[in-house]
Amino acid sequence: MKMEDDAPVIYGLEFQARALTAQTAETDAIRFLVGTQSLKFDNQIHIIDFDDENNIINKNVLLHQAGEIWHIGASPADKAVLTTCYNKTSDSRVVSCAAVWRMPSDWETGSHESPDDTAHNPQILELLCHLDDSAHGNAACVLWEPMGDGKRVISLADNHALLWDLQESSTQATVSSTATLEGKGQLKFTSGKWSPHHNCSQLATANDTAIRGWDLRTMSQIYCIENAHGQLVHDCKVKFWDVRNVQEPVKTLEEHSHWVWSVRYNHSHDQLVLTASSDSRLILSNMVSISSEPVRTLSGRRGAQAKEPLKDSVVSTYEEHEDSVYAAEWSSADPWLFASLSYDGRLVINRVPRALKYRILL
């Protein structure tokens, strides 16, 4: 018997986790990668395949022995290649590193059916190259060029943004240009996002309470929103900005009761926005007023009544998590499906409600 279509599917990892990404280069299978944060045991990358027909999850586990994973990214061009930012102890202090890895070529042959076998003989990621530059401090995240050929990544390390060129099947990385955060005190980037617009020539970064935009061709700052948020962009609010006028946000959402850790636009329908918070909730909003899709007031079907234009609204609040939800990601293969990850290692896969899906499509 097929499960109810909108029911969530839950998968539990045995370790804590906060790193999640969709496997970007995979457009057929619905696949996510999760990185764990264990201080005692070898850390792992769980390859999560969602079987849409039967509403079940299949998984494979790869060992990431380098350390606890804080950020994970998937190559847009090669589904076997990924990056991690991880902590390791060096001379009794914790250092944050970044590296490019390749999955073993036969990872898919790891049997879905007998997890005991893979537990005794787990496969190990192959290190392709380090993205560390000792001169540039601790890595916070690595960002692949959106829709790129898998040859360019940006790493944010302390107060530096480094643009790397990956050569020779990603086994070598060279820094092609850098941008530095100037100012008083110990300035540090906390996160960033490579814009898919403007021919992928722009980067947005967060540091302290400020959001900055950078032109990657000149590595110069193009805008700065000084006090975008209170306390480290963690003030329970989600703000939408028009970077052509950064005096005021064009929209503010105040639906979460604790810090918001992850905000993700849907890749195909950008009015759909996921927000994940340490209030243990995931919220799906429909932000029609600032969508790039034209508002259609007339129904396309003859004789049908004109539809009311949709208004900005919270579509659904998902409460399957019991711990802080640190990450949410849309599937690369199915625009109506998304995953969320809470710190206790619970991964939940949900779908956009069908009524809204058809309303957007029809």
Side-chain angles (χ1 to χ4, degrees), residues 17-26 31-37 42-48 60-88 95-105 107 123-134 136-158 160-178 189-196 200 203-205 216 262 264 326-327 329 332 339 341:
R18 64 162 77 208
L20 167 71
T21 188
Q23 194 184 31
T24 332
E26 176 57 81
R31 186 174 296 146
F32 296 94
L33 308 176
V34 181
T36 67
Q37 281 198 330
D42 275 343
N43 280 285
Q44 304 169 339
I45 289 191
H46 288 236
I47 304 168
I48 306 296
N60 282 286
V61 178
L62 302 174
L63 280 189
H64 180 280
Q65 293 167 316
E68 45 169 347
I69 302 168
W70 283 80
H71 186 268
I72 187 168
S75 163
D78 184 338
K79 54 190 181 188
V81 174
L82 62 133
T83 48
T84 60
C85 292
Y86 57 92
N87 279 1
K88 69 172 187 183
V95 188
S96 301
C97 306
V100 186
W101 308 88
R102 180 178 290 284
M103 298 178 189
S105 54
W107 68 264
Q123 294 176 294
I124 296 173
L125 285 165
E126 173 197 349
L127 174 68
L128 291 178
C129 64
H130 289 287
L131 295 175
D132 296 328
D133 187 331
S134 50
H136 291 122
N138 288 317
C141 62
V142 174
L143 313 165
W144 291 87
E145 180 178 23
M147 294 92 70
D149 58 3
K151 296 278 197 298
R152 297 210 303 166
V153 295
I154 290 169
S155 68
L156 300 180
D158 285 352
H160 300 281
L162 309 172
L163 181 58
W164 301 81
D165 285 331
L166 298 178
Q167 287 125 3
E168 297 180 42
S169 306
S170 304
T171 54
Q172 272 192 311
T174 53
V175 176
S176 62
S177 51
T178 63
F189 289 118
T190 47
S191 64
K193 206 75 183 162
W194 194 324
S195 170
C200 294
L203 168 73
T205 60
L216 297 172
S262 181
R264 292 290 182 268
Y326 282 127
E329 293 290 345
S332 304
L341 177 70

CZ-OG distance between R102 and S170, expressed to the nearest 0.5 angstrom: 6.5 Å
Among V142, I69, I72, the one residue meeting side chain to side chain contact (heavy atoms under 4.5 Å, CB included) with C85: V142
Straight-line distance of I45 CD1 to L33 CG, nearest 0.5 Å: 6.5 Å
Min side-chain heavy-atom separation H64-T84 under 4.5 Å: yes
Verdict with supporting geometry, V153 and S155, side-chain contact (heavy atoms from CB on, under 4.5 Å): CA-CA 7 Å; V153 295; S155 68; over 6 Å; no
Sub-4.5 Å side-chain heavy-atom contact between Q23 and S332: no
Under 3.5 Å donor-acceptor, Q37 side chain and E68 backbone: no
Check: I154 and L203 side chains under 4.5 Å, non-hydrogen atoms: yes
Donor-acceptor contact present, side-chain D132 to main-chain A98, <3.5 Å: yes
T83 and W101: side chain donor to acceptor below 3.5 Å: no
Donor-acceptor pair, side chain of T36 and main chain of Q44, under 3.5 angstrom: yes
Heavy-atom side-chain proximity of L166 to Q172 below 4.5 angstrom: no
Any W164 side-chain heavy atom under 4.5 Å of S176 side chain: no
Minimum side-chain heavy-atom gap L128-V81 below 4.5 Å: yes
Donor-acceptor contact present, side-chain S169 to main-chain T171, <3.5 Å: no
Stepwise side-chain contact (heavy atoms from CB on, under 4.5 Å) test for V100 and L131: CA-CA 7 Å; V100 186; L131 295 175; 3.8 Å; yes
Value rounded to 0.5 Å, distance of CD in Q167 from NZ in K151: 9.5 Å
Residue pair I47, M103: steps toward the side-chain contact (heavy atoms from CB on, under 4.5 Å) verdict: CA-CA 10 Å; I47 304 168; M103 298 178 189; 3.9 Å; yes
K79 NZ to E26 CD distance, which is reported to the nearest 0.5 Å: 4.0 Å
